[in-house]
Participant: 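Dumping the structure here so I can ask a few things about it.
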Amino acid sequence: MNQTHTEKKSKPVTPKVKELINASKSIILATVDAEGNPNSSYAPFVQVDQTFYILVSFMAKHTKNLADGRKTSIMFIEDESATKQIYARERLTIEAATSQIERDSEVWNTVVAKLKENHGKVVDVISEMGDFILIALQPVKGSYVNGFGSAYFVDSNLEIIEHRNDVNHQSK
């Protein structure tokens with residue numbers, strides 16, 4: 001195809017995956033139920049090593065989906081008020097394996113203490129409620145976008161493994 005104009009390629013912006021996570025107090029959740037119906041929600045989180053933890057109630061649809069170990073995706077996204085271009089908001093999307101943490105285990109106690117440190121005394125109240133459970137979200141793989149032409153594949157350690165470099169970018 002003969003083109004009469006010069007295409008300008010965007011230079012990828014340096015990935016700042018950890019900074020985006022550290023700037024977030026909650027994650028967006030995408031889960032599916034037993035019939036395959038999608039559900040989106042959010043939850044406050046803490047990160048310990050490479051695992052994210054959320055304390056969630058069975059009053060919420062997403063909790064059963066998470067507890068049953070169904071496919072889950074989590075997202076961190078730049079605040080709309082901070083973005084320069086709404087179509088190019090910085091975001092990290094991760095496929096995650098889920099597991100329920102046993103109440104009063106060493107992991108439970110460590111994570112609940114960190115949740116309280118990050119999110120306040122309300123954690124003391126909700127962690128004692130019987131309908132709240134602690135879910136671990138272990139990253140499997142994902143993608144990170146921080147602008148036009150700046151998309152990357154991310155591994156289970158949240159490390160950039162490859163620039164997506166024009167994957168699925170076709171002009172019409």
Side-chain angles (χ1 to χ4, degrees), residues 8-32 38-57 60 62-63 65-66 71-101 106-124 126-127 132-169:
K8 183 179 179 184
K9 295 262 185 189
S10 297
K11 182 179 179 187
V13 180
T14 304
K16 296 181 180 174
V17 174
K18 290 172 181 56
E19 289 88 340
L20 179 61
I21 293 168
N22 291 338
S24 304
K25 291 184 178 185
S26 62
I27 55 175
I28 297 170
L29 300 163
T31 64
V32 293
N39 178 254
S40 59
S41 190
Y42 86 99
F45 79 98
V46 293
Q47 182 180 11
V48 177
D49 299 321
Q50 299 303 331
T51 304
F52 301 99
Y53 294 90
I54 56 176
L55 189 60
V56 289
S57 167
H62 61 251
T63 302
N65 300 343
L66 293 163
K71 290 185 176 185
T72 301
S73 178
I74 61 176
M75 176 188 251
F76 299 89
I77 189 164
E78 177 184 28
D79 189 304
E80 285 182 4
S81 65
T83 192
K84 293 176 184 171
Q85 173 47 259
I86 196 69
Y87 281 98
R89 283 170 73 188
E90 180 184 11
R91 60 200 174 272
L92 172 65
T93 305
I94 303 166
E95 293 176 27
T98 63
S99 58
Q100 186 173 337
I101 303 302
E106 184 178 336
V107 173
W108 169 282
N109 293 330
T110 299
V111 171
V112 167
K114 189 163 182 175
L115 280 162
K116 180 181 175 185
E117 178 183 318
N118 288 10
H119 303 296
K121 292 181 182 181
V122 67
V123 174
D124 282 335
I126 64 175
S127 65
F132 275 80
I133 62 172
L134 186 63
I135 297 287
L137 300 158
Q138 182 64 51
V140 175
K141 64 181 178 179
S143 64
Y144 173 78
V145 176
N146 65 349
F148 293 116
S150 190
Y152 302 85
F153 293 109
V154 178
D155 67 14
S156 61
N157 293 315
L158 306 176
E159 298 292 333
I160 300 297
I161 54 174
E162 179 181 7
H163 183 249
R164 290 174 64 169
N165 197 17
D166 296 329
V167 174
N168 293 325
H169 289 119

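In this chain, residues are counted from 1 in sequence order. For clarity, every value in this text was computed on a predicted model and none was experimentally measured.
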Participant: Tabulate below the donor-acceptor pairs under 3.5 Å that side-chain atoms of residues 71-79 make, not counting sequence neighbours, or state none.
Facilitator:
residue	atom	partner	partner atom	Å
T72	OG1	R70	O	3.0
E78	OE1	T83	OG1	3.2
E78	OE1	E90	N	3.1
D79	OD1	S81	N	2.7
D79	OD1	S81	OG	2.7

Participant: Can you name the nearest heavy-atom pair linking H163 to G149, along with the distance?
Facilitator: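 That would be NE2-O, 3.0 Å.
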Participant: Does L137 form a side-chain contact (heavy atoms from CB on, under 4.5 Å) with I94? I'd like the steps, not just the answer.
Facilitator: CA-CA 10 Å; L137 300 158; I94 303 166; over 6 Å; no
Participant: With heavy-atom distances below 4.5 Å as the criterion, would you say the side chains of Y144 and K16 are in contact?
Facilitator: yes
Participant: Where do I54 and L66 land on the side-chain contact (heavy atoms from CB on, under 4.5 Å) test, with the steps shown first?
Facilitator: CA-CA 10 Å; I54 56 176; L66 293 163; 3.7 Å; yes
Participant: Roughly how far, to the nearest 0.5 Å, is the CD1 atom of I21 from the CD1 atom of I27?
Facilitator: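 Between I27 CD1 and I21 CD1, I get 10.0 Å after rounding to 0.5 Å.
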Participant: Using modelled atom types and a 3.5 Å cut-off, is there a donor and acceptor pairing between side-chain atoms of T93 and backbone atoms of S143?
Facilitator: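 Not a single qualifying donor-acceptor pair exists.
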Participant: Does Q47 reach the main-chain N or O of D49 with its side chain, forming a donor-acceptor pair under 3.5 Å?
Facilitator: yes
Participant: If you count every heavy atom of other residues, nucleotides or ligands that lies below 6.0 Å from E106 atom CD, does the total exceed 12?
Facilitator: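 No, the 6.0 Å shell around CD holds no more than 12 heavy atoms from other groups.
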Participant: Taking side chain as C-beta onward, heavy atoms only, is V17 less than 4.5 Å from Y152?
Facilitator: no
Participant: Can you give me the closest heavy-atom contact between F148 and Y87, atom names plus distance?
Facilitator: CZ-CB, 3.7 Å
Participant: Can you check whether L55 reaches I126 side chain to side chain, under 4.5 Å on heavy atoms?
Facilitator: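 Yes, side chains in contact.
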Participant: If you measure from NZ on K141 to CG on D155, what distance do you get to the nearest 0.5 Å?
Facilitator: 12.0 Å
Participant: Kindly give the heavy-atom pair with the smallest separation between A97 and V140, and that separation in Å.
Facilitator: N-CG2, 3.8 Å
Participant: Taking the side chain as everything from C-beta on, heavy atoms only, tell me whether S40 gets closer than 4.5 Å to Y42.
Facilitator: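 Side-chain contact under 4.5 Å: no.
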Participant: Please examine the side chains of V56 and I133, heavy atoms only from C-beta on, and report whether any two atoms are closer than 4.5 Å.
Facilitator: yes
Participant: Any chance you could measure I101, atom CD1, to N109, atom CG, to the nearest 0.5 Å?
Facilitator: 11.5 Å
Participant: What residues form a side-chain hydrogen bond (donor to acceptor under 3.5 Å, both in side chains) with E159, not counting sequence neighbours?
Facilitator: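 Applying side-chain hydrogen bond (donor to acceptor under 3.5 Å, both in side chains) to E159 gives K18.
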Participant: Would N146 and L20 satisfy side-chain contact (heavy atoms from CB on, under 4.5 Å), going step by step from the backbone distance to the final call?
Facilitator: CA-CA 10 Å; N146 65 349; L20 179 61; over 6 Å; no
Participant: Looking at side-chain heavy atoms only, is the closest gap between Y53 and K114 below 4.5 Å?
Facilitator: no
Participant: Measuring only between side-chain heavy atoms, which start at C-beta, is T31 closer than 4.5 Å to T98?
Facilitator: no
Participant: Show me the donor-acceptor pairs within less than 3.5 Å that the side chains of residues 115-124 make with the rest of the protein, sequence neighbours left out.
Facilitator:
residue	atom	partner	partner atom	Å
K116	NZ	D124	OD2	2.9
H119	NE2	F45	O	2.8

